[in-house]
Amino acid sequence: MNTPLQPRLHTPCDTVTLVDGPGGLPMIEVANAHATARLSLYGGQVLSYRPHGADVDLLFLSEQALYQPGKAIRGGVPVCWPWFGPDPQGLGRPAHGLARTRQWALRHSAVLSRGETLVEVGLGDSAETRGLWPHAFDLTLAVTFGSTLELALTTRNTGDAPFTLTQALHSYFALGDIAQSRVLGLDGCRYIDNAKGAGGVVKRQLGNVTVGGEVDRIYTGAPPVLSIVDDALARRVTLRSEGSGTVVVWNPWEAIAAGMADLPDAAYRHFICVETANAADDVVSLAPGATHRLRLQIAARPY
């Protein structure tokens with residue numbers, strides 16, 4: 001049962017409620033004229049977004065997701081930062097960086113002019129983060145819950161030395177059936193194939209992206225507008241991005257999914273990750289005081 005939490009630094013607007021989520025993790029619930037949603041302060045992670053009138057959530061969240069400090073939550077939109085993928089220096093640090101397993105703070109919320117709810121959460125450097133990544137930073141995720149879902153991840157270099165990073169909004173999109181789904185907009189793009197046995201070879205996409213086995217690809221030179229078409233749900237999801245030069249498409253498929261404790265064996269058939277990213281050679285460099293914004297707008301409509 002949800003137990004209201006007392007806000008520490010912020011009084012939320014009347015469309016926002018602070019609650020205890022699974023595992024006692026603090027979460028934000030949003031209910032407004034457009035949608036209902038949930039965001040976990042652990043990880044700064046949107047877990048759910050369901051526009052009014054939609055039959056199912058736009059985002060996939062595993063029924064076996066772990067809600068434990070030190071563990072990433074499987075589903076929604078995890079924040080991979082300040083590196084995407086394995087530790088780039090091979091020092092044994094966690095895959096996908098430090099942000100998705102840290103407690104973020106609620107900084108601001110407001111009702112906007114058309115009834116949307118804006119929620120801003122943030123993460124700053126600490127002795128703990130500097131032990132993993134020795135830089136001073138401020139990270140803000142601004143999420144607008146309206147007839148569309150908009151996420152803007154802003155990194156500020158608050159130190160006196162430059163740094164580089166890679167990152168991703170690791171979006172899990174719910175599907176009725178992956179066999180009846182496809183990703184449009186990547187035809188002709190080159191991609192790095194990181195699926196088991198592919199060895200990171202560079203290939204070129206021919207036609208729409210369909211999934212019939214493990215897919216783990218980093219698309220370079222990706223366009224700012226993509227679509228996910230799901231015939232089983234009769235739904236088209238449109239993604240618009242800014243500040244991103246790469247797109248990651250991932251689905252573990254049967255064998256890998258069976259070995260994942262936080263994912264039901266058959267769940268791979270009901271999601272696809274299409275991630276707005278700066279990955280591979282798409283590296284962000286920030287001088288002291290500089291900022292970078294990675295932005296994603298997600299819109300769904302029936303067809």
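Computed from heavy atoms alone, side chains included, the values below leave out hydrogens, waters and symmetry copies.
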- [ ] Please check if Val274 and Val143 belong to a single hydrophobic cluster, counting links between Ile, Leu, Val, Met, Phe, Trp and Tyr side chain heavy atoms closer than 4.5 Å.
- [x] yes
Open item on the list: I'd like to know if the side chain of His52 and the backbone of Ser147 have a donor-acceptor N/O pair within less than 3.5 Å.
Closed with: no
- [ ] Dump the intermediate steps for side-chain contact (heavy atoms from CB on, under 4.5 Å) on Leu165 and Phe137, then the final yes or no.
- [x] CA-CA 11 Å; Leu165 62 93; Phe137 67 86; over 6 Å; no
TODO: Could you tell me which residues satisfy salt bridge (Lys or Arg N to Asp or Glu O under 4.0 Å) with Asp125, sequence neighbours excluded, listed by chain and number?
DONE: Arg130
TODO: Enter the distance from Thr140:OG1 to His108:NE2 here, rounded to the nearest 0.5 Å.
DONE: 11.5 Å
Open item on the list: Do Gln103 and Pro69 have side chains that approach each other closer than 4.5 Å (heavy atoms only, starting at C-beta)?
Closed with: no
Open item on the list: To the closest 0.5 Å, what do you measure between CZ (Phe145) and CG (Leu151)?
Closed with: 7.0 Å
TODO: Apply the test side chain to side chain donor-acceptor pair (under 3.5 Å) to residues Asp262 and Ser62: give CA-CA distance (whole Å), side-chain angles for both, the deciding distance (0.1 Å), then the verdict.
DONE: CA-CA 7 Å; Asp262 59 354; Ser62 174; 5.9 Å; no
- [ ] To the nearest 0.5 angstrom, please state how far the CD atom of Glu150 sits from the CG atom of Leu118.
- [x] 10.0 Å
Task: Heavy-atom pair with the smallest gap, counting every atom of Ser244 and Ala277 - done: OG-O, 2.6 Å
Task: Any side-chain heavy-atom pair of Val215 and Trp253 under 4.5 Å - done: no
Open item on the list: Under 4.0 Å between a side-chain nitrogen and a carboxylate oxygen: does that hold for Asp216 and Lys196?
Closed with: no
TODO: Anything under 30° is parallel, anything over 60° is perpendicular, the rest tilted; go ahead and classify His170 against His96.
DONE: perpendicular
Task: Residues Arg156 and Asp138 bridged, charged N to O under 4.0 Å - done: no
- [ ] Could I get the full list of side chain to side chain contact (heavy atoms under 4.5 Å, CB included) partners for Ser126, not counting sequence neighbours?
- [x] Glu128, Thr129
Task: Side chain Trp83, main chain Pro94, donor-acceptor under 3.5 Å - done: yes
Open item on the list: Are Val121 and Val16 linked, directly or through intermediate hydrophobic residues, by side-chain heavy-atom contacts shorter than 4.5 Å (ILVMFWY only)?
Closed with: yes
Open item on the list: Please say yes or no: joined through hydrophobic side-chain contacts below 4.5 Å, possibly via intermediate residues, are Tyr172 and Leu233 part of one cluster?
Closed with: no
TODO: Working to the nearest 0.5 Å, report the span between CG of Leu25 and CD of Gln45.
DONE: 10.5 Å
Task: Verdict with reasoning, Thr117 to Thr15, per side chain to side chain donor-acceptor pair (under 3.5 Å) - done: CA-CA 7 Å; Thr117 301; Thr15 62; 2.7 Å; yes
Open item on the list: Going by the rule ring-ring contact (aromatic ring centres under 6.0 Å, His included), which residues pair with Tyr49 if we only count those two or more places apart in sequence or in a different chain?
Closed with: none
Open item on the list: So Leu41 and Ile28, do their side chains get closer than 4.5 Å, heavy atoms only?
Closed with: yes
Task: Given Leu175, Leu58, Asp55, the one that forms side chain to side chain contact (heavy atoms under 4.5 Å, CB included) with Arg235 - done: Leu58
- [ ] Kindly indicate whether the side chain of Phe173, heavy atoms from C-beta on, has any atom under 4.5 Å from the side chain of Asp230.
- [x] no
Open item on the list: In the structure I gave you, are the side-chain heavy atoms of Thr220 and Cys189 within less than 4.5 Å of one another anywhere?
Closed with: no
TODO: First locate atom CG of Leu66, then atom CZ of Arg74, and finally report the distance between them rounded to the nearest 0.5 Å.
DONE: 8.5 Å
Open item on the list: Is there a side-chain contact (heavy atoms from CB on, under 4.5 Å) between Phe271 and Leu263? Walk through the geometry before answering.
Closed with: CA-CA 11 Å; Phe271 75 85; Leu263 188 70; 4.0 Å; yes
Task: Main-chain N/O of Ala290 paired to Asn157 side chain as donor or acceptor, under 3.5 Å - done: no
Open item on the list: I'd like to know if the side chain of Tyr268 and the backbone of Ala255 have a donor-acceptor N/O pair within less than 3.5 Å.
Closed with: no
Task: Considering all heavy atoms, the nearest Gln64-Ala261 contact - done: NE2-O, 3.1 Å
- [ ] Using modelled atom types only, decide if a donor and an acceptor are shared between the side chain of Glu275 and the backbone of Cys273 within a distance under 3.5 Å.
- [x] no
Task: Main-chain N/O of Ala198 paired to Asn194 side chain as donor or acceptor, under 3.5 Å - done: no
- [ ] Going by the side chain to side chain contact (heavy atoms under 4.5 Å, CB included) test, name the single residue among Leu294, Thr291, Leu286 that passes it with Thr155.
- [x] Leu286
Open item on the list: Treating Thr246 as the side-chain partner and Ile218 as the backbone partner, does any N or O pair qualify as donor plus acceptor under 3.5 Å?
Closed with: no
TODO: Apply side-chain contact (heavy atoms from CB on, under 4.5 Å) to Leu39 and Val30, showing your working.
DONE: CA-CA 8 Å; Leu39 184 154; Val30 174; over 6 Å; no
- [ ] Might you point out which heavy atoms bring Pro288 and Pro162 nearest each other, and give the distance in Å?
- [x] CD-N, 3.9 Å
Open item on the list: To the nearest 0.5 Å, what is the distance between OG on Ser227 and CZ on Arg240?
Closed with: 8.0 Å
TODO: Of all the heavy-atom pairs spanning Asn278 and Gly243, show the shortest one and how long it is.
DONE: ND2-O, 3.0 Å
TODO: Consider only side-chain heavy atoms of I, L, V, M, F, W and Y, link residues closer than 4.5 Å, and tell whether Tyr191 and Val248 are in one cluster.
DONE: no
Task: Close side-chain approach of Lys203 and Val201, heavy atoms under 4.5 Å - done: yes
Task: Crowding at CG, Asp187 (>12 non-hydrogen neighbours, <6.0 Å) - done: yes
Task: Any side-chain heavy-atom pair of Pro223 and Leu186 under 4.5 Å - done: yes
Task: Heavy-atom closest pair, residues Phe84 and Ala168 - done: CD1-CB, 3.6 Å
- [ ] Just jot down the salt bridge (Lys or Arg N to Asp or Glu O under 4.0 Å) partners of Asp265, sequence neighbours excluded, or say none.
- [x] none
TODO: Mark yes when over 12 heavy atoms from residues, nucleotides or ligands other than Glu254 sit less than 6.0 Å from its CD; otherwise mark no.
DONE: no
Open item on the list: Restricting to non-hydrogen atoms, name the atom on Trp104 and the atom on Leu153 that form the minimum distance, rounded to 0.1 Å.
Closed with: CH2-CD1, 4.2 Å
Open item on the list: Run the side-chain hydrogen bond (donor to acceptor under 3.5 Å, both in side chains) test against Arg301 and tell me which residues pass, sequence neighbours left out.
Closed with: none
TODO: Using the side-chain contact (heavy atoms from CB on, under 4.5 Å) rule, take Ile272 and Ser181 through it: C-alpha gap first, then chi angles, then the decisive distance, then the call.
DONE: CA-CA 9 Å; Ile272 189 168; Ser181 305; over 6 Å; no
Task: Cluster overlap Val229 with Val237, hydrophobic side-chain contacts below 4.5 Å - done: no
Open item on the list: Using side-chain heavy atoms (C-beta onward) and a distance below 4.5 Å, is Pro88 in contact with Arg93?
Closed with: yes
Task: Arg100 (side chain) donor-acceptor with Cys80 (main chain) under 3.5 angstrom - done: no
Open item on the list: Could you work out, with ring-ring contact (aromatic ring centres under 6.0 Å, His included) as the rule, every residue matching His135, not counting sequence neighbours?
Closed with: Trp133, Phe163
